[in-house]
Amino acid sequence: QVQVVESGGGLVQAGGSLRLSCTASGLTFEDHAMGWFRQVPGKEREGVSCINYQGDRIHYTDSVKGRFTISRDNAKNTLYLQMNSLKPEDTAMYYCAAKATLGCYSSWLTDEFPYWGRGTQVTVSS
């Protein structure tokens with residue numbers, strides 16, 4: 001059984017920081033690209049960032065470039081998202097997911113990520 005579990009969400013003031021963590025088990029972690037997504041009620045799930053299996057190829061959606069940093073520790077089967085300079089518009093449920101490929105490529109389609117966590121809520125107050 002594959003389990004993906006996010007943690008680290010919470011309430012933070014605008015301009016503050018949070019670090020999200022995602023631990024995956026039941027799969028060969030280093031064989032999968034990993035991604036962070038977020039979703040606001042009433043809107044489609046949005047791809048935030050993706051990191052390839054080795055951690056040397058990284059992608060971000062434009063709205064978080066320069067503020068968020070994705071990283072992974074394959075020895076710990078853990079994915080991270082460091083979020084700095086947070087804005088109220090970053091408020092969302094954040095999801096961690098494992099892709100069925102080694103690389104991220106250019107697609108953010110959610111159905112290309114077969115393994116998902118249940119999410120961790122990030123709320124940024126103004």
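Not measured: the values here are computed from a predicted model.
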Would you mind writing out the side-chain donor-acceptor pairs for residues 58-65 within the sub-3.5 Å range, not counting sequence neighbours?
residue: Tyr60; atom: OH; partner: Ile70; partner atom: N; Å: 2.9
residue: Asp62; atom: OD1; partner: Lys65; partner atom: NZ; Å: 3.0
residue: Ser63; atom: OG; partner: Arg38; partner atom: NH2; Å: 3.3

Could you measure the distance from the OG atom of Ser71 to the CG atom of Leu79? Nearest 0.5 Å is fine. 7.0 Å
For the CD atom of Gln3 and the CZ atom of Arg118, what is their distance to the nearest 0.5 Å? 8.5 Å
Using residues 8-29 as the side-chain source, report each donor-acceptor pair under 3.5 Å to any protein atom, sequence neighbours left out, with the distance given to one decimal.
residue: Gln13; atom: OE1; partner: Ser125; partner atom: OG; Å: 2.9
residue: Ser17; atom: OG; partner: Asn84; partner atom: OD1; Å: 2.8

Minimum heavy-atom separation for Asp56 to Asn52, with atom names? OD1-ND2, 2.9 Å
Ring-face cation of Arg45 near Tyr95 (centre distance under 6.0 Å, axis angle within 45°): yes
For the ring pair Trp116 and Phe37, is the centre-to-centre distance below 6.0 Å? yes
Angle between ring planes, Tyr115 versus His32, binned at 30° and 60°: parallel, tilted or perpendicular? perpendicular
According to the salt bridge (charged side-chain N to carboxylate O under 4.0 Å, His left out) rule, which pairs have a member within residues 27-37, sequence neighbours left out? none
Are the side chains of Asp90 and Phe68 in touch, meaning some heavy atoms are under 4.5 Å apart? yes
Is Trp36 reaching over with its side chain to a backbone N or O of Tyr80, donor-acceptor style, under 3.5 angstrom? yes
Does any pair with a residue in residues 70-79 pass salt bridge (charged side-chain N to carboxylate O under 4.0 Å, His left out), and if so which ones, sequence neighbours excluded? none
Kindly state each residue pair satisfying salt bridge (charged side-chain N to carboxylate O under 4.0 Å, His left out) with at least one member in residues 95-105, sequence neighbours excluded. Lys99-Glu112
Exercise: identify the closest heavy-atom pair between Pro114 and Ala100: CD-N, 3.6 Å
What is the minimum heavy-atom distance between Glu6 and Tyr94, and which atoms define it? OE2-O, 4.0 Å
Can you list the residues that meet the salt bridge (charged side-chain N to carboxylate O under 4.0 Å, His left out) rule with Arg57, with sequence neighbours excluded? none
Do Thr91 and Val40 touch side chain to side chain, with heavy atoms closer than 4.5 Å? no
